[in-house]
Amino acid sequence: MKLFGSIPSPYVRRIRLLLADSAYEFVNLNIFSEQDRATLVRLNPTRKIPMLLDGDQVIFDSGLIYRYLSEKLGRPLLSWAQENQVVLINAVNDSLVELLLCQRSGLDTSDDKLFFNLQRERVAEVLAVLEQQAAQQHFSDWNYAAICLYSLLDWIDFRQLWSLEPFPTLQQFVAANQHQAGVALSDPRKGS
Ligand SMILES: N[C@@H](CCC(=O)N[C@@H](CS)C(=O)NCC(=O)O)C(=O)O
């Protein structure tokens, strides 16, 4: 199996953490370089990472990769509550990716514009919901939802995308899970 992605991507890191104890090859792409973009486009028309190559089968999207691996490795599927947690995490993740791409396009994302306001509102409100869930111990097991949350929060910190000060339980969650398998190895600050 080959996992295509980049080191900083929180969507890719989830799968790396999930596979921390499994044998696979990680192909590190710079999706904005000409050569690696050609690989990306050839394998995945959505032009997003991650994707997984297993034999002739290519699987796009972290959620689908999770389902594929669960079946292949005999791991449990998510409960509906966990599926909802991943949807919440994806909502924040997608909005922050959009805002980051806007910033990289030279836009001022603090402008009072509908698109920016919607993303900022979603990020703030959903982080508050996740804080509440974490305080109620909903992320106490290191399952896929917790892995997704860790990948998101650590990426937010790495890219300095949003203040986590109003969310002490989420900060504690990150601190408490730094020892988990694959976390140090996949740390974007170390460039490994
Ligand atoms: N729904 C996708 C989202 C993946 C995604 O947004 N990946 C980002 C990197 S973190 C990406 O490839 N962005 C490129 C782009 O938006 O052009 C998944 O879960 O895999």
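As the structure lists them, so they are numbered: ligands from 1, and atoms in each ligand from 1.
Here the NZ-CD1 distance, from Lys72 to Ile65, works out to 13.0 Å after rounding to the nearest 0.5 Å. Remark: Thr169 OG1 to Phe139 CZ distance equals 11.5 Å, nearest 0.5 Å. The distance from the CG atom of Leu29 to the CD atom of Gln35 is 10.0 Å, given to the nearest 0.5 Å.
For ligand 1, the atoms closer than 4.0 angstrom to any heavy atom of Pro50 are 20 (O).
In terms of protein heavy-atom proximity, atom 4 (C) of ligand 1 is closest to Ile49 O, 3.2 Å. If you check which protein heavy atom lies closest to atom 20 (O) of ligand 1, you get Ser62 N, 2.8 Å. Looking only at protein heavy atoms, the nearest one to atom 17 (O) of ligand 1 is Arg47 O, 4.0 Å. At the top of the distance list for atom 9 (C) of ligand 1, counting protein heavy atoms only, stands Ser9 OG, 3.7 Å. If you check which protein heavy atom lies closest to atom 1 (N) of ligand 1, you get Asp61 OD2, 2.8 Å.
Under the 4.5 Å side-chain criterion, counting only non-hydrogen atoms from C-beta, Arg13 is in contact with Pro188. Side-chain contact between Arg37 and Arg47: present, with at least one pair of heavy atoms (C-beta onward) separated by less than 4.5 Å.
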For Ser186 and Arg16, run side chain to side chain donor-acceptor pair (under 3.5 Å): C-alpha distance rounded to whole Å, both residues' side-chain angles, the deciding distance at 0.1 Å, then the answer. CA-CA 7 Å; Ser186 61; Arg16 293 180 75 194; 5.2 Å; no
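Using cut-offs of 30° and 60° for the angle between ring planes, the Tyr66 and Tyr144 rings count as parallel.
Taking a 4.0 Å cut-off on heavy atoms, Ile31 registers as neighbouring ligand 1. Using a 4.0 angstrom heavy-atom cutoff, Leu101 counts as in contact with ligand 1.
Not one N or O of Lys48 is nearer than 3.5 Å to an N or O of ligand 1, by distance alone.
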